[in-house]
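Contents: one structure, followed by commentary.
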Amino acid sequence: MRRWKLFYVLSGIIVSGLLVNSFLSKENASVFQTSVLPVIKGIADQNPLAPPDLSIENIELKKVSDPTFDSNYYKYKASVVVRNTGGNLVDSNVTLHGDFAQKYVYVKNVDKGFSLPSGKSYAIDNYDITFDGNYNGGEIPVTIEVQDKVDTNLVNNTFKVEIFELPPKLNPVKISDIPEDGKVVLNVNSKNLTYRDDDFLLYTRNSTLNDEKVIYSESKGNDGMYSFYAINPSKSYFKNGFGSEKVDNSGEYPVTADYAYVKAVDPKTGYYAVSDIVKLAPSKEINRAEFAKIFVDEIGIEPSTYADSYYSDVLSDDWFFPYVQTLYDIGLLNTDVREYEPNQAMTRGEVLKMVLTYFDADLAVQDDTVHFKDVDEGNDIYPYAESLLVAGKAEAIRGELNPELPATKDFLIYLINEYRKSN
């Protein structure tokens, strides 16, 4: 409006001047030229026509495809909303482009190029955006520019689109050791050469996450099996109160915190890959007395009140007596021996056998099953191990069952929960 008002004012002055000038002498005309025209020029100088100013107000992404074997990229269609906060833009050459990986395109909405009146917005649809499938997240700058010689004032013409995709791209987290000082050593050593020159950061926190959806996992370390939990991740978890420190890319990270994850950041692009977030519960090995109590409590069985003990090493005043007696009463214990050995470590094979026996699991064996490498047909728990695989309940156990190693409390609870789902 300001532009048209100025036009009307100037037009009125010029027309009036011309009418007056036609009746003036040459001398008076000279006076007009030296007095009126500078005024007109001054008004024009004080009220210049505003140059066009294209800014990107928002970008909305719609994912088209995930990475494939042939094309390791996330692909999106973007709707780019631009607004002209300056003067009118008419028939101009306008381009849209992103970072090094994005297309460079000319934008047209009229036959001769791109036009957008002052104060108006326009949505540029179906602009292609791709993102490196080796990474989980990053920011992609998208820029709109006027390429011809139009006087422009482009201020907010770059908009950064945030990308975040799961699952985590770094190798699954493992626990390689729990030294005597109590630090858990995480292993996230990635074999992907993409991350070789990236900056690695370790993120930790002690305050509780909203982690109802956790996935039991385990690793074989230097002297036993370690239980931990992978949190079913979301974008908010990775931005929720973690402190970070720069580490090397050796893949071995001692941690004392309750939660941790690792991020690899490309220093050139800012793209980053993350590992799982892990909840580092104490990996406590259990003996046979502890097993009895945890089993009875987790299943929800009323402890026995029977006064006499079947086993010579389980006395009626022992804290674990009612729990061992309960296992005896429901037929889970070996009655061929008269010693329970409460202080002996409970093995993973024994735990598996008792849980499947209690839930009356079908001891199915299939020839085409991917077998545990360390449990052959001569092992007395072979049918139980095979049944675990056939039932699809061994996802957290990676290739080897390690039946002779001590069991942890978390391993026992994991098996109970898996078979409780089926009953």
Side-chain angles (χ1 to χ4, degrees), residues 2-3 48-68 71-166 169 194-195 197-199 235 238-239 263-274:
R2 180 183 175 188
R3 180 178 179 180
L49 298 180
D53 187 359
L54 292 184
S55 62
I56 299 180
E57 291 188 311
N58 189 39
I59 296 180
E60 293 186 1
L61 293 184
K62 181 180 180 180
K63 186 163 65 173
V64 176
S65 63
D66 289 315
T68 64
S71 178
N72 190 29
Y73 289 93
Y74 293 98
K75 295 181 180 180
Y76 309 86
K77 291 290 185 181
S79 178
V80 183
V81 180
V82 298
R83 183 176 178 83
N84 185 0
T85 59
N88 293 335
L89 185 68
V90 180
D91 295 343
S92 294
N93 293 320
V94 173
T95 60
L96 193 67
H97 60 88
D99 61 9
F100 63 95
Q102 312 310 317
K103 290 184 177 179
Y104 193 102
V105 298
Y106 282 89
V107 181
K108 292 183 65 176
N109 61 357
V110 293
D111 289 341
K112 295 183 179 181
F114 187 82
S115 296
L116 191 61
S118 175
K120 298 296 183 179
S121 297
Y122 184 83
I124 303 168
D125 293 324
N126 295 321
Y127 176 62
D128 292 324
I129 287 181
T130 59
F131 185 74
D132 190 341
N134 290 313
Y135 291 90
N136 288 106
E139 290 186 335
I140 296 176
V142 177
T143 301
I144 192 163
E145 293 182 319
V146 180
Q147 297 298 321
D148 51 22
K149 295 182 179 180
V150 174
D151 183 21
T152 59
N153 180 30
L154 303 183
V155 177
N156 297 315
N157 63 321
T158 296
F159 189 99
K160 291 185 177 180
V161 184
E162 186 175 7
I163 304 289
F164 184 80
E165 296 286 355
L166 290 170
K169 298 297 180 177
T194 302
Y195 309 125
D197 298 323
D198 289 355
D199 295 326
K235 180 179 178 180
F238 288 96
K239 295 188 174 183
K263 177 189 283 188
V265 183
D266 185 332
K268 296 179 180 178
T269 65
Y271 294 176
Y272 60 86
V274 297

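We're numbering straight along the sequence, starting at 1. All of these numbers come straight from a predicted model, not from anything done at the bench.
- Taking every heavy atom of both residues into account, Tyr127 and Lys103 meet most closely at OH-O, 2.7 Å.
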Query - Derivation of the side chain to side chain contact (heavy atoms under 4.5 Å, CB included) call for Tyr135 and Thr194 - result: CA-CA 9 Å; Tyr135 291 90; Thr194 302; 3.2 Å; yes
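- Here the closest non-hydrogen pair linking Ala101 and Thr130 is O-OG1, 3.5 Å.
- Here the CD atom belonging to Glu145 is positioned 13.5 Å from the OG atom belonging to Ser92, to the nearest 0.5 angstrom.
- Across every non-hydrogen atom of Ile140 and Tyr271, the tightest pair is CG1-OH, 4.0 Å.
- When side chains are defined from C-beta on, Asp198 does not count as touching Val265, because their heavy atoms never get closer than 4.5 Å.
- To the nearest 0.5 angstrom, Leu116 atom CG is 7.0 Å from Leu89 atom CG.
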**Report entry** Derivation and outcome, side chain to side chain donor-acceptor pair (under 3.5 Å), residues Asp125 and Ser79
**Finding:** CA-CA 4 Å; Asp125 293 324; Ser79 178; 2.9 Å; yes
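- A distance of 6.0 Å separates CD1 of Ile56 from CG of Leu96, quoted to the nearest 0.5 Å.
- Nearest approach of Asp128 to Lys77, heavy atoms of both residues: OD1-NZ, 2.5 Å.
- Of all heavy-atom pairs between Ala78 and Ile59, the closest is CB-CG2, 4.0 Å.
- Applying the 6.0 Å contact sphere to OH of Tyr122 captures more than 12 heavy atoms from other residues, nucleotides or ligands.
- The backbone N or O of Asn84 lies less than 3.5 Å from no partner atom in the side chain of Asp53, so there is not a single donor-acceptor pair.
- Test Asn58, Val80, Thr143 against Phe159 for side chain to side chain contact (heavy atoms under 4.5 Å, CB included) and you get one pass: Asn58.
- With contacts defined as side-chain heavy-atom distances shorter than 4.5 Å, the pair Asp99/Thr269 does not qualify.
- Here the straight-line distance linking atom NZ of Lys63 with atom OH of Tyr76 works out to 6.0 Å at 0.5 Å rounding.
- Tyr272 is not listed as a side-chain neighbour of Asp266, based on a closest heavy-atom distance of 4.5 Å or more.
- Here the side chains of Asn157 and Leu54 are not in contact, with every heavy-atom distance at 4.5 Å or above.
- A donor-acceptor pair under 3.5 Å links the side-chain atoms of Ser118 to the main chain of Gly86, judged by distance alone.
- From Leu61, atom CG reaches atom CD1 of Ile163 across 5.0 Å, with rounding to the nearest 0.5 Å.
- In Asp111, the CG atom is not crowded: 12 or fewer heavy atoms of neighbouring residues, nucleotides or ligands sit closer than 6.0 Å.
- Counting non-hydrogen atoms of neighbouring residues, nucleotides and ligands closer than 6.0 angstrom, the NZ atom of Lys120 reaches no more than 12 such neighbours.
- A 6.0 Å sphere centred on CD of Glu60 holds no more than 12 heavy atoms belonging to other residues, nucleotides or ligands.
- Taking CD of Glu139 as the reference point, atom CZ of Phe131 lies at 10.5 Å (rounded to 0.5 Å).
- For the pair Lys169 and Asn136, the tightest heavy-atom approach, listed with the atom from each and the gap, is N-OD1, 3.0 Å.
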